[in-house]
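Just so you know, residue 1 is the first one in the sequence shown, and it goes up from there.
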Amino acid sequence: MPSSDPLPPKESALFRKILKCYEMKQYKNGLKLVKQILSNPKFTEHGETLAMKGLTLNCLGRKDEAYEHVRRGLRNDLKSHVCWHVYGLLQRSDKKYDEAIKCYRNALKWEKDNIQILRDLSLLQIQMRDLEGYRETRHQLFKLRPSQHASWIGFAMSYHLLGDYETAMNILETFLSSQTMDTYDYKHSELLLYQNNVIQEAGNHEQALQHLKDCGAQILDKLAVQESMGALCLKLGRHEDAVSIYKELIERNPDNTEYYRKLMEARKLTEAHDLIEAYRAMQEAYPHSFCARRLPLDIATGDTFKALVDEHLRRNLRKGVPPLFVNLRSLYRDAEKVKTIGELVECYYQNLISSGYFSAEDAANSDVRKEPASALLWTMYYLAQHYDHLRESEKALDFINAAIEHTPTLIELFVTKGRIYKHAGDVLEAVKWLDEAQSLDTADRYINSKCAKYMLRANQIKEAEEICAKFTREGVSAMENLNEMQCMWFQTECALAYQRLEKWGDALKKCHEIDRHFSEIIEDQFDFHTYCMRKMTLRSYVGLLRLEDVLRRHPFYFKAAKCAIEVYLRLFDKPLAAESAVEELDIENLPAPELKKLRNKQRKAQKKKAEQENAQSKENQKKEQYCRKQLYQDGDPEAPQLDELIPEKLARPDDPLEKAIEFLKPLQQLAKDNIETHLMAFEIYLRRNKLLLMLQSLKRARKIDANNAILHSCIVRFYRALEQRLAASTDDAIDPSVRIVIERERENLFHGHPSAIALNDAYLAAHRDDCDAVYEAAKIMYTLDQKRRDEAITITASATVLSEKVPLEKATKLFLLLKSGYFGQCDKQLKAFKFICQKRYPLAVVFADVTATPITTLTTTQPSNADNTQTTVTDSGSSRCVTTATSEQTHGKQALADKPSKKQKNGPEIKAN
């Protein structure tokens, strides 16, 4: 359809040149041509020219002017598809996809067969997962360009994504039948594999298998064909065919565990004896295969297991395989197997010390060669990890120290020693040994990252940044470069460290940075919508779309969202005062001389702040100029400028709960199988006083784990809130319809107990041996029933809570609750509990009677601040947050055993109180 406001031939030719300049990214030339048209008095308000000027300005980073010109052009020519299309492009560059789709649809009203507009619309529809609209648009493109391959593929994929497999298969079959090819290339091969995937998803396994047999010669990815045929034969019950296929696959890759499992399934072997014999045969066929020797250990028991694991351990200890323990760790779920492995390796150690052989029988046999000297080292290394896993930290330290004395240059030994201290509850000592490890090989990025992670766990953020700076770009701060590289493991640990230090703004900044990374990953889909159609990487493309749909299910996002929600809840319960208000409060209480000193100090601080702001402003201007220059060179439409994340502003939000809900919503959609999602939702809705949403969160959590201790705490608090609302005046009365819904769920939720106190007592009686249950139930008892407060303290501090070997983390949690002041003064019970814990966990710093001087790591000149090592106990029931500084403890026996080198002298010095 011609323009509603056509230009004369001369200006029309100029307008075509403008379009060409835009396509060639010659934006300044384009603006000169625009000026020629608009300088003519007749065309100063020509809509399409104004729109193109706005689009060109947008590419140069002048966004405000761009919007002004495009809107002006649109007002002057509302029937122009060019104006609407350009307005849509501007909206798309600002990530306002819904608005951009509206603009494209308006453009299509005046030019319904415009290919470019339809393509742009289809990209936005698949990006927004408007699959119905995507199908209609692809159908339109298919009718307009039936000769193009992309038209057929996009049309078929639109039906595939909607689940209409039959239509998708018909379209692909028709397209393939129309192709005449002498040689089959990669694109054709991928198209056939994609077609087979569609057939399999439709549930037509027989047809899919036949399709692979017919087209197998045309497919270049032979591995994918074999794997698909093997899986299909198993599904169809053709076990003999599956056996031959999986034997060929094992021949190709004898270290793929899945192939072995599928082969055993195809051979219909279910008895342990038959499976072990089959694996023995595979060991003979593939003597260098690790999997053939490792997989039988999962099945074997008793003496058979002992014989197999004995052979496996000897072979790998002799060779010196560092990840041997990691490989066998899955066996540690079985107590009998743990006992067997421990006895065997202890026996190896004793015999290697005495004779240099793994066993006395080997020593007596003259035909058996003596074991290499390194066998003793790897045996001690394994035993250290073995006892560390069992949390027998003193034994683990004895073996790792002996190993270090044997070979003081092996990095893995220092890393393991740090890990042992971490599990024993001495994170500062763990940092020291990780720092020692990375100093032995400063070019090892893994050890560097591990050391940085331990430092962050010890709240040594600055030191961790300095460690990471060894592998970041020069000229840029490490923190900034790690953000650019989307190094999310560092940012999540950093956010948690800031949270422990109660630096709420800095913690939120890291959480928002991680959230932005996930948004960027989702935006990056745009680069693949057309690329994958063109290159025919269709299976990977469908996998990408499905991954992006559940992207925020990733553990990195969950950690960041959980941290952000907890911080926002804390800021809602205890908002930070404005900085000016704090200063005024301090001034009121000062005498005149002190006030004068403060004024002078403030003036100096203001002057320094002004200088810093001035320097920052200049630096920002340089950055902006550089970005504009890069933008001009790249020529991409300017992405929307994100707000700068300023910790001070983030720590003082207008509505903390609304911000928390922004992080919660993706978790409710994608992490609904995690009970923590619903417990966090309850905390938010409790503060918003939304009874039905609180009830919804509790019901969802109960489906996952009805006995969860924190869930019990939430149910009791809900019961309490409900009782208060029912007893309140008419202003706070519950709506009748809401009351009906709650009454229906009362029995399931409260189990017929007449009060919150009775519900708590019943739960405590049923779970008295569970530390988490005692922790939550005691807090509730202390809060709800003043007469039983002493009983609550007694239950918490009771030695029966620690009657079994409970994890250090749970014991620490109970200890910090007693120490926090939540129960008031309970020094006697605290002292008794602490005495028990000191015996049970001798290396744990938190129970120590000594204080530590700061550690100076080998790589930094500044000592870390001991005050920064904090543990925060948050009581959600009363919104109470108590912070206690941890201390350092060195085990006496261990201190005598250690013989530190010169580099190790920077460890903590212990001083008695």
Side-chain angles (χ1 to χ4, degrees), residues 492 495-496 499 504 507-508 511-512 514-515 518 549-575 653-722 724-725 734-735 737-739 741-742 744-746 748-750 756 759 763 772 775-776 779-780 874-881:
T492 50
L496 293 170
Q499 184 186 13
W504 312 118
L508 289 174
C511 294
H512 280 282
I514 294 166
D515 182 55
F518 280 89
D549 288 341
V550 296
L551 187 65
R552 280 188 163 89
R553 187 185 292 170
H554 195 280
F556 280 150
Y557 183 81
F558 189 91
K559 280 185 185 177
K562 183 172 183 273
C563 177
I565 291 169
E566 288 173 353
V567 171
Y568 279 124
L569 290 174
R570 162 63 173 75
L571 293 174
F572 176 82
D573 295 337
K574 293 186 177 181
D654 296 330
D655 188 351
L657 296 183
E658 190 61 39
K659 294 288 184 183
I661 287 172
E662 289 177 11
F663 280 94
L664 176 69
K665 282 181 179 177
L667 300 184
Q668 287 181 314
Q669 293 175 356
L670 303 174
K672 52 192 171 188
D673 295 334
N674 191 326
I675 193 169
E676 288 185 87
T677 299
H678 308 299
L679 297 177
M680 288 187 290
F682 174 84
E683 295 293 345
I684 295 170
Y685 298 135
L686 175 66
R687 287 158 176 78
R688 285 203 153 187
N689 208 17
K690 302 287 186 183
L691 288 175
L692 285 183
L693 291 173
M694 289 157 62
L695 178 62
Q696 180 192 65
S697 302
L698 294 175
K699 283 189 66 180
R700 289 174 175 174
R702 274 178 61 82
K703 287 181 181 178
I704 299 169
D705 182 5
N707 293 319
N708 183 277
I710 301 174
L711 172 61
H712 164 69
S713 171
C714 294
I715 291 172
V716 172
R717 287 156 60 205
F718 176 69
Y719 202 156
R720 189 71 173 168
L722 189 62
Q724 290 173 354
R725 286 284 293 275
I734 301 173
D735 185 270
S737 55
V738 174
R739 184 177 292 192
V741 174
I742 293 173
R744 286 177 184 169
E745 298 297 331
R746 181 183 283 271
N748 291 334
L749 211 56
F750 307 139
L759 177 62
Y763 181 81
D772 291 329
Y775 179 87
E776 297 295 340
K779 287 200 301 180
I780 294 165
T874 303
D875 172 39
S876 55
S878 64
S879 306
R880 182 184 303 222
C881 188

Could you label the plane-to-plane angle of the Tyr763 and His712 rings as parallel, tilted or perpendicular, counting under 30° as parallel and over 60° as perpendicular?
parallel
Rounded at 0.5 Å granularity, tell me how far CG in Leu569 sits from CZ in Arg687.
4.5 Å
I'd like to know if Arg552 and Asp515 make a salt bridge, using a cut-off of under 4.0 Å between side-chain N and carboxylate O.
yes
Of Arg717, Arg570, Arg688, which is the lone residue that meets salt bridge (Lys or Arg N to Asp or Glu O under 4.0 Å) with Glu683?
Arg717
Are any side-chain N or O atoms of Thr677 and backbone N or O atoms of Ala671, one a donor and one an acceptor, separated by less than 3.5 Å?
yes
Over 12 non-hydrogen atoms of neighbours within 6.0 angstrom of CZ in Arg744
no
When rounded to the nearest 0.5 angstrom, what distance separates CD1 in Ile565 from SG in Cys511?
9.5 Å
To check you understand the geometry: which heavy-atom pair defines the closest contact between Ile780 and Ser713, and what is its length?
CD1-CA, 3.6 Å
Atom CG in Leu686, atom OG in Ser697: separation rounded to 0.5 Å?
10.5 Å
Measuring only between side-chain heavy atoms, which start at C-beta, is Arg746 closer than 4.5 Å to Tyr719?
yes
Could you go through Val567 and Phe663, starting from their C-alpha distance and side-chain angles, then the distance that decides it, and tell me whether this counts as side chain to side chain contact (heavy atoms under 4.5 Å, CB included)?
CA-CA 12 Å; Val567 171; Phe663 280 94; over 6 Å; no
For side chain to side chain contact (heavy atoms under 4.5 Å, CB included), just list the numbers for Phe558 and Leu670, CA-CA rounded to whole Å, side-chain angles, deciding distance to a tenth of an Å, and then say yes or no.
CA-CA 10 Å; Phe558 189 91; Leu670 303 174; over 6 Å; no
Taking the side chain as C-beta and beyond, is there a heavy-atom pair between Leu667 and Asn674 under 4.5 Å?
no
Whether Tyr568 side chain and Asp655 backbone form a donor-acceptor pair below 3.5 Å:
no
Say whether, by atom type as modelled, one donor and one acceptor occur between the side chain of Arg700 and the main chain of Gln668 under 3.5 angstrom.
no
Report the C-alpha separation of Ile684 and Leu693 in whole Å, then their side-chain angles, then the decisive distance to 0.1 Å, and conclude whether the side chain to side chain contact (heavy atoms under 4.5 Å, CB included) test is met.
CA-CA 10 Å; Ile684 295 170; Leu693 291 173; over 6 Å; no
The test is side chain to side chain contact (heavy atoms under 4.5 Å, CB included); show your working for Leu571 and Leu508 and say whether it passes.
CA-CA 11 Å; Leu571 293 174; Leu508 289 174; 3.9 Å; yes
Which heavy-atom pair separates Ala507 from Gln499 by the least distance, and what is that distance?
CB-N, 3.9 Å
Quick one: OH on Tyr775 to CD1 on Ile710, what's the gap to the nearest 0.5 Å?
8.5 Å
NE2 (His678) and CG (Asn708) are apart, to the nearest 0.5 Å, by 11.5 Å
Can you tell me how far CG of Leu695 sits from NZ of Lys699, rounded to the nearest 0.5 angstrom?
6.5 Å
Tell me, do Leu691 and Phe718 make a side-chain contact under 4.5 Å, heavy atoms counted?
yes
